[in-house]
Number of protein chains: 2
Amino acid sequence: MLQSPWGARTDAPLAAFPFLTDAVLRQCVCRTFGDREPLVTAGAPVPDLMIVLRGRARIMATAANGKAALLQFVQPGDLLGELTLVGAEDAAKAVLAIGPVACLAIPQSVIEAQLATAPAFWQLLAQHIGVKLLRRMTHMASAQTQAFKYRLAELMLTVAVAGVYQENNVQIADYLGVSYRHLMYTLRQFREAGLIAKQPGGYRLDAPAMRAFLTAGDR
Amino acid sequence: MLQSPWGARTDAPLAAFPFLTDAVLRQCVCRTFGDREPLVTAGAPVPDLMIVLRGRARIMATAANGKAALLQFVQPGDLLGELTLVGAEDAAKAVLAIGPVACLAIPQSVIEAQLATAPAFWQLLAQHIGVKLLRRMTHMASAQTQAFKYRLAELMLTVAVAGVYQENNVQIADYLGVSYRHLMYTLRQFREAGLIAKQPGGYRLDAPAMRAFLTAGDR
DNA sequence: TGGCGGGTAGGAGATATCTCACAGAGGAGG
DNA sequence: CCTCCTCTGTGAGATATCTCCTACCCGCCA
């Protein structure tokens with residue numbers, strides 16, 4: 001049924017959404033995005049509910065002063081537009097792809113016509129948001145305890161594309177709640193420990209070494 | 001309609017829940033709890049959905065080793081049992097009153113018979129959980145930035161009963177993600193700054209001074 | 001060409017926070 | 001009464017992290 005640009009089936013994350021009957025699925029669209037391409041544009045009305053099938057993305061908030069702040073990372077199985085759909089959020093935030101991304105888009109019209117009247121649909125949405133809340137809670141709670149170096153290592157592994165990290169360090173420092181200076185300091189530690197190596201425009205990671213670092217002295 | 005033990009109307013938080021028609025309200029119960037009384041018992045099936053009308057409470061998680069961890073504080077307008085109801089959470093966590101608390105309890109039977117089939121009910125639940133998620137996100141994000149002393153001051157103000165703070169400091173240190181030693185150190189700073197004063201079994205707060213402290217050098 | 005502005009990099013010196021160690025107070029049980 | 005245990009409080013000495021400051025590179029634009 002659904003084919004990804006990688007040639008593999010991408011409907012595994014769909015198992016969590018039983019309201020996606022074949023009848024509904026036939027009216028959905030599979031969208032794909034390239035690196036740094038916007039999945040959602042800030043402020044613009046969210047056209048439909050999207051389920052991330054493959055790839056990762058970052059959710060950005062643009063402040064009044066024009067500054068862009070990194071809010072959150074998105075993974076396969078995550079929903080986009082749920083909070084707006086449900087009325088918990090007024091203005092959608094921008095979502096940018098990190099590497100290639102594939103999404104299943106459920107058009108607004110289909111939701112209104114075939115899903116909005118089904119209690120099970122809303123119930124599942126509520127459950128999904130609730131699970132997300134609990135997951136985020138434990139994640140942030142652990143982030144509060146974890147030393148910065150572990151949070152940074154984890155983040156670099158999740159946002160690197162093809163083993164290369166090339167984020168805006170100012171934003172990353174902000175996202176991780178740490179001063180830019182300290183981010184630089186820690187990056188140097190990583191370099192000196194051989195976990196990463198500088199290269200024009202970013203850092204190349206030694207992914208196995210970083211994973212070992214995370215599972216070693218961690219929690 | 002609803003009278004609180006304080007003699008004032010307590011239905012203000014109910015405005016956010018339009019599915020509470022008079023017909024449903026008539027089948028609900030108004031429950032009140034005293035200081036440190038359990039609103040929800042850990043593990044026990046949650047009998048019904050509760051809406052907090054007045055007072056505060058703390059959500060506790062009891063770990064396998066018997067240790068109790070402070071997870072979250074509950075305020076008027078918050079729901080109890082939503083995550084279990086929606087299926088996002090398997091085992092309910094214990095909830096203990098902080099001072100006198102009043103709740104509106106919607107019996108499980110009423111939910112099943114009159115609400116479960118209404119999409120609007122689930123939609124509102126989803127919205128409520130979504131709002132909670134967003135609020136928690138911004139809260140935790142700010143917590144990451146805020147210096148410990150501000151987080152502590154804020155917490156002391158919210159958990160104090162009649163201007164007196166008498167929590168278990170081991171748990172508080174854990175909840176705020178700080179070493180017990182540092183909590184003690186900061187409490188002494190507060191004492192020396194005249195924000196709090198020791199008294200048997202806890203600390204008496206100078207609430208106005210603390211609020212001034214929060215709004216002064218803050219963020 | 002020259003000058004911004006933003007991002008990167010790092011030095012020096014404060015603070016915030018942690019770990020370990022110790023001591024006293026009060027409750028529970030033998 | 002003694003002992004064990006938990007909570008409270010504190011000292012001393014490490015680390016983690018912050019703030020301020022300087023320098024350099026680079027793309028953009030007048």
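Below, read A as the first sequence line, B as the second, and so on, with proteins coming before strands; counting in each chain starts at 1. Every value quoted in this text rests on a predicted model; they were computed, and no experiment measured them.
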Using whole Å, what does the distance between atom P of nucleotide D:dA12 and atom OH of B:Tyr185 come to?
14 Å
Kindly determine whether A:Tyr175 and A:Phe73 satisfy ring-ring contact (aromatic ring centres under 6.0 Å, His included), including the steps that lead there.
CA-CA 11 Å; A:Tyr175 175 67; A:Phe73 290 100; 5.3 Å; yes
Can a side chain N or O of A:Asn169 be found less than 4.0 Å away from OP1 or OP2 on C:dT8?
yes
Choose from C:dT17, D:dC7, D:dT17 the nucleotide whose nearest atom is closest to any side-chain atom of B:Val170.
D:dC7
Chi angles and distances behind the side chain to side chain contact (heavy atoms under 4.5 Å, CB included) call for B:Thr138, B:Leu134
CA-CA 6 Å; B:Thr138 62; B:Leu134 288 176; 5.7 Å; no
From D:dA16, D:dT10, C:dC18, nucleotide with atom closest to B:Met184 side chain:
D:dT10
Please report, rounded to the nearest Å, how far the C1' atom of C:dG13 is from the CZ atom of A:Arg181.
12 Å
State which of D:dC18, D:dA16, D:dC7 makes the closest approach to the side chain of A:Val178.
D:dC18
Please determine if a side-chain N or O atom of B:Lys198 lies less than 4.0 Å away from the OP1 or OP2 oxygen of D:dG9.
yes
note: A:Arg191, atom CZ; C:dA9, atom C1'; distance rounded to Å ~ 8 Å
Protein-nucleotide distance (A:Leu176, atom CG; D:dT17, atom C1'), rounded to Å
13 Å
Taken to the nearest whole Å, CG/B:Leu70 to P/D:dC7 is 14 Å
Please work out if B:Glu167 contacts a base, only the sugar-phosphate, or nothing of the nucleic acid, heavy-atom cut-off 4.0 Å.
sugar-phosphate
As a test of reading the structure: which of D:dT10, C:dT8, C:dG11 is closest to the side chain of A:Asn168, going by heavy atoms?
C:dT8
Can you tell me how far P of C:dG6 sits from CG of A:Leu183, to the nearest Å?
19 Å
When the distance from CG of B:Asp174 to P of D:dC7 is rounded to whole Å, what number comes out?
11 Å
Just call it for B:Tyr180: base, sugar-phosphate, or nothing, with non-hydrogen atoms closer than 4.0 Å on any strand.
base
is_close_aromatic(A:Tyr203, A:Phe190), centroid dist under 6.0 Å
no
A:Phe148, CZ atom: more than 12 neighbouring heavy atoms under 6.0 Å
yes
Atom CZ of B:Phe190 and atom C1' of D:dT8 are separated, to the nearest Å, by 18 Å
Looking at B:Asp48 and B:Arg31, is any side-chain nitrogen of the basic one under 4.0 Å from a carboxylate oxygen of the acidic one?
yes
Should B:Tyr203 be listed as having a side-chain N or O under 4.0 Å from OP1 or OP2 of D:dG9?
yes
